[in-house]
Structures are given as C-alpha cells and as structure tokens.
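Data first, discussion second: the structure below is written as structure tokens.
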Amino acid sequence: MSRSRFTLLTLLSGRSHDYTHIARPLIHSLERMHHFAIEVAVDLSALNEGRARVLLAASDVPLAGDQAAQLNEFVRRGGGVVLLHSTLAAWSEHDAVAEMAGWRLGGPAPLTELVIRIADHPVTERLSPEIRVEDELYVSEGPPAKANVLLRASWRYSDQVVAYERQHGDGRFVQIGLGHGAATYQDADFQKLVHRAVLFASGAAPAPTVGVGLIGYGAIARGHAESIAATPGLDMRAVADISPERRQLASRELGVTAHSSAEELLRDPDIGLVVVGTPPSVHADPVVGALQAGKHVVCEKPLAITVDDVDRMIDAAEAHRRVLTVYQSRRWDPDFVALRAAIAEDAIGEPFYMESFIGGFSHPCSYWHSHQPISGGTIYDWGSHYFDWMLTLFPQPVTSVSAVAHKRVWHDVSNSDQVRVDVGFEGGAQASFMQSDIAAALKPKWYLLWLLPQPRRSPRVGRAPCGHPAGSQAHGGRHGVGDAVDRAGRRAPRGRHIAGDRLGWGVLGAAWIAGRAVLPAIAASRNGRLVSIASRDPERAREMASRHAIPSVARDYDDVLADPAVEALYIPLVNSLHKEWTERSLAAGKHVLCEKPLGMNANEAAMMADASRRSGRLLMEAFMYRFHPRMRTFVEGLHADERPLHVQASFGFPLSDPSNYRLQPALGGGALLDVGCYTVSVARWLLGEPDTVLARARFDQKTGVDMSVSSLLHFSGGGTASLWCSFESAEEQGVTAVTTKGTYALERPFTAWQDPHDPYQLMVESFADSVQNGSDCEVSLDESIANMRVLDRIREAMQA
C-alpha cells in the first residue's frame, strides 16, 4: 500500500479492559513505522478538528450524546475507522454506529485459544496463513452487510467473522475483533494487520508492483523466478545471461525478455529490483552496476569472495541510496528458526559451544562450485549458511579464527576435500564448522551446548532488581532532585502525542535481564516508554529492539545519552561499568536506574550518589524484590509484630562457565556482589545496621573469585543474621525470621515474578513516578551506600 504520512487519532479507554495499558506495544509499533502522526484522543470531539484521517479505537466505554452520529458522519465524509476487540460491541447499541458497521455484535465467548484463518485481501497479504491467539470471540450471526472478510475462526461448528472491512459513504470502516490481553497486542502478525488496516482505512492504494530482473539464469535463478511469481507485488520482467541456451530456456519458461548482457537489462525503466545469481567471483560488477542504475539488489550468497568487493558493493548502495541484501535463504529453515527462538526466549539458556557439519563421502560436482577461483573454495558454499547461523547464535565479537584444509582424495577438483574452521568469541564461546567430501561416517548437523538460565528460576527472571517499599521505616535518606523550575522545563508539555505522559527510557546494553524482565516491564508500564537501545553487539541490540518495539537502535552508548527523547536510562551493564556509565548518564542530564549492586564498593556508590546530587537527576539501585507486594507484606508484618531475634537468608545457584562475567573478578564477579547483596539487603531491612560482621568464603583457585560466602551479622539490639550465598550450589533461596512468637519463612523471596504481580513493572513505574512528581526514590541512595558498606565489611572479613 502507498504510505503517505497522515494523522492517526488513537482512543484507548476501558472499564473492564485496560486498553490504555495493554495496547501500548501496538501503539509503539505504529510509531516506529513513521507513516503516521499519532495523536491521543480522550473522546471523539477531536474528530471535529479536521486533522485526523483515521481513528483507531480500543474502548469498552459506551458513546455519549451525539458521538455516534459524529463518528458516522466522519466516515461518511471520507474518514477511516479501525475498531479493536470489544469497541464495536460497546458502540453498536447506537443505530448510527450499527449503520456504519453493517453489524451489531453479540457478547464475547469465553477466553480461549483461537485459530484465526486469513482471508485473501490486500490488508492480509503475506501474513501467516494461520494465527493462534488466546482471545475472546465476539459471536454473531452471519457476515456483516456488504463487507469483505479479513479474518475467520471456527466456533463450535460455525464459521465466525473475526475481522472485516466495508465502505461507508466515502470512507472505510474496519473491525478487528481481537485484543483481549497484552499478548495479542505484542504479536507481530497482529501489529502488522492493524498497521495495514489503518493504511487501508486511510484510503491508501496498494503499492505499485515492482518489476524484477534476474542477472544469471542458472539453477538457483529458476528458484528465484518461482518465488517472485508467487509473491504479490513482484512481477518477473526480464533475464540477462551470457549463455544463449539459458536465455532460450528463460524465454520459454518465464515468457520474459532475455538479454545477452546485464547492461541491457539495467536500461529497462520498468525494473526496480535486480536479483544477481551469477557465480560468486563475478558478483561485484553486476551488483555495483545495478545499484548505479538505480535498482535495488538481492545478491546470492556469498555476497563476494573478497572483502574489497564487499566494501565496493556496500559503498555503491550507500552512494545511490538503494537497498542491497544478501540472499541467506536458510535463515528461515524451520530447525534454525526454532533453535533461534528457543535461545531468544531463554528456553534453553545461553549457547557457549557449537560444532556443525555438512558432507559425506562423495565425489564433488564438476560445476563451478568445486573450482576455488570461482566459488571461493569449500567453505564459501555451505559455509556461507553455517557461518551466518553461527554468527546469529553467537552475537559476541569474534576474537579468533583458525582453519585446517585437507586435499587427499578428489584431485580432479580444486576445492579442498575437507575444511574445518574454528571461531572464538569474546567471552570464551566457541564454534566450529566442518565441510567434508571424504567423511564416510557422518556427524550431526549441529551439536550445541548451552548454560541453563542462571539462576534457574521462573521464565523471564534473571538478576533481580528492587527498591525500598513504601511505608517501610527501615532506612531513611533523601535523593537529590532538580528544583521545580528545572523539572517543569524538562517535562514541558508535548501536546497530545501518545508519549506525552510517559517517561522516555534508553537502555545501555542488551543484557539477558534487560530483555527478559526489565524491557517488557517498561513497555507494559503505565508511565514509561522505550525510546532507544545500544549495545556493543549491534545485532543483539537490533534483535532486542525488534522484540520489544524500541524505535531507535543507537550506534553506541554516547548516542543514547545524546538523544533528547531519552529522559531516563536503565543500565544493566557488568558491575565494573556501573559507575562510569551512571556518572556519564547523569552528566548528560538523564535519570538513572542502575542494576544492583550499585557499585563495586561503598566508595564507588558514594561517588555515584554525589554525581546524582550535583546533576539534579535521580539515581536508584534496581533492587526489584523490594517492590513485590508479597515481600513487602512479609517485612511490614514483622515490623508491626516485633523485631526478629534472628534472620537467616540464602541465595545460591550453580555457575561454572568461565566466560560468564560473574566469574571474572575484573568485571565485578563473585557470589557476594551478585547474590549476596540480596541477603544483606533483606537482613538490614529487618534488623537495621550491624555492629559486628564475621565471614568465611571459598574462592576459585584459578580466578580468585568468591564462589561461596557465609557471614554472621550481629546488631545493636541483640539480633543476629546468618547469610549465605553461592555459585556452586543447587538452586536455593529463602528468608526465615525467628521471633519470640514464632518462625516465619518466605520461599523464593528474591526472584518471585508475576505471581500475579510483576515487581519489575512496579519498580520502573515507581521510579518514573519519582521522576515525574519530583519525589524521592523508594530505594534511597543512603540505603544503597549502607548496603555496599556491609558488603565491603563481609569482603574484608572473608579475606582476613
């Protein structure tokens, strides 16, 4: 569809459904398209102002007064309306809306998994043939009058319309009856459907067909031609090949013009996209020529066989502002797609070692694939796919590459008979690829080792952040904030844009905890929005941005700091980098939520607190466990009863991968800082500040990192605490408080998540409230510094 920019009015309101909250991922995805100027409406009066071309609404609040007639007239005059989920059911009680929709909806069926079938329509082109969502179905008799169905679902042996569109006057009406829960709004197919529905409702016409030309008509080009013919919006126009036989074959099979040179094909103004399928040694010249002729280019893998040719091709694409991509078709192999998804979702943990293999004992072909000057050699054929898989699964920077080749049997070809390539990655991960034509005994395609998510806990939970609970009197202290004039200037009104009342977040680093817990929490929060992310691994940042609908992937951390839309930063970097990037962020005028522990020691924490106070910006340590209602109830109940006589707290899990930063002293590794900080925090929360600290530890002999730490704390009121943390135990965590009236225990106090509360979301919402209201953070800097002091004392005691 054509994509001229226009104003999209969004109305999100609910009584039974919290559309304002759960629909935010959809709005974020629409913002990223840059096709709309999105405005937020609180009611339909904004339609009278004449700016909006389309209204997108998710609401179960009935219309009032003449709003139904107003909406009907808006569409009749040429406007567009897209209604989601229960909106039509709530509004179609008005005759004016029912006339516009051609339908009245019945009540929703029970919440269940629905199998959604896609109808043939420009709005649904290239969507997945079938979508499975957990949602409600609004059941009604028959299809709407004069409507084109977009989605259908079976319901108890009946065929139900889930989504449709129809003309009303000069405008268009679209109903999409999905959107009960947050998962639907986060679904990529649903977001794509709504995006296209909005464009369609605006009156946008389908995008013009793109003419495609093939340079080279070998076996792979015939596959390209079949795919082009099967893809709506693409039209096979011409072929160029130096072989008369292949030109005749192309004319006969495709019915298109066959040119004897690429130059003739490139002069065709009806061709907008060129697919280059020549042998690898001659990719560069036709690619560069096509780009210079103003064509977009898809080039067969490998892109080239020299880095100089690759650079020349990329430079030409940038100079002529055209798309250049390499055809890595096997990224969509079902087994690799499933493996990549399992890793992205942390279903199998973090890969750290892979072996891969292709081959067998067989004579190589006599075609150019087996001739090194043309093909590039053995590893350039299948190796292109395997290295692409490898670099996708291991996003860390490559630190070493070594290879060994054998020439033992097939002397009539110039390719090696067998090649093995070993690749090392930053952090210690390893991967190898072997291609062999002399292997009588085959090996598995992949052999992959990974680390179980550490600690082993509920999905999406990793290093736990937290904050000081409201109402708790365990610790005091204020946090430095800007004055009212400064805060008012920084939070100047930004109109009725969707982002107007939400804190803009940037993220430094694509750590596991960020992707699995904190970024979803920000996206789901009532007062925050994700703006920008940067990582030392750009591909990992792009993947995380795509998964969480982050509009911008910055080149580096400094670019995030320079982004005026970023008001607050979440820092999940390794412990040794907390101080540097917190201070730089504060100096850039950003508020900071920094992962625990705040610093490497109390001195660093104090310096970070001073930087916060000087900058007038908030800084909070991300101790999320303190925000969980279950934890707060446990502590506040003990405070209301009596002070405990003894507290026992433990947190341990197994960790053995030497590449993990937690086992690297220079990065702030060690059980004490990583999980011992929780045990100290909860003991102080319950008992105050200790006057005596005793500790013992077991250290790894090679690295010197503390693997297990036991400590005994004595407090001025006579209370004691026994604390234990470990990287070499089975999963273990708990808190027990002994009083004169009884013993009280809490299981999994540090990683409880979405049961049903999400402490990560409660934490980021609390921090955003503090920024926007000018109030103190719930986890004060005095509290964080005091916690670091006790950790320092334990470290000194265990090293004595």
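Heads up: numbering here begins at 1 and tracks the sequence.
Side chain to side chain, Thr720 and His714 fail the donor-acceptor criterion of an N or O pair below 3.5 Å. For Ser650 and Glu732, the side-chain atoms include at least one donor-acceptor pair closer than 3.5 Å. Side-chain polar atoms of Gln191 and Tyr185 form no donor-acceptor pair below 3.5 angstrom.
For the pair Asp706 and Met798, the minimum side-chain heavy-atom distance is below 4.5 Å. At least one side-chain heavy atom of Met390 sits under 4.5 Å from a side-chain heavy atom of Met354. For the pair Pro597/Asn575, a side-chain contact is recorded, criterion being any heavy-atom separation below 4.5 Å from C-beta on.
Not less than 6.0 angstrom separates the ring centroid of Phe394 from the ring centroid of Trp389. Aromatic rings of Phe634 and Tyr744 (six-membered ring for Trp) have centroids beyond the 6.0 Å cut-off, not under it.
Residues Glu567 and Lys590 are not paired through a salt bridge, judged by the lack of any N-O separation under 4.0 Å between the basic side chain and the carboxylate. Look at Glu539 and Arg542 and you find a salt bridge, because one of the NZ, NE, NH1 or NH2 atoms lies within 4.0 Å of a carboxylate O, short of that distance. Salt bridge status for Glu31 with Arg529: absent, with no side-chain N to carboxylate O gap under 4.0 Å. Here Arg789 does not pair with Asp792 in a salt bridge; the nearest charged N to carboxylate O distance is not below 4.0 Å.
Residues Ala514 and Tyr570 share a closest heavy-atom pair of CB-CE2, 3.8 Å.
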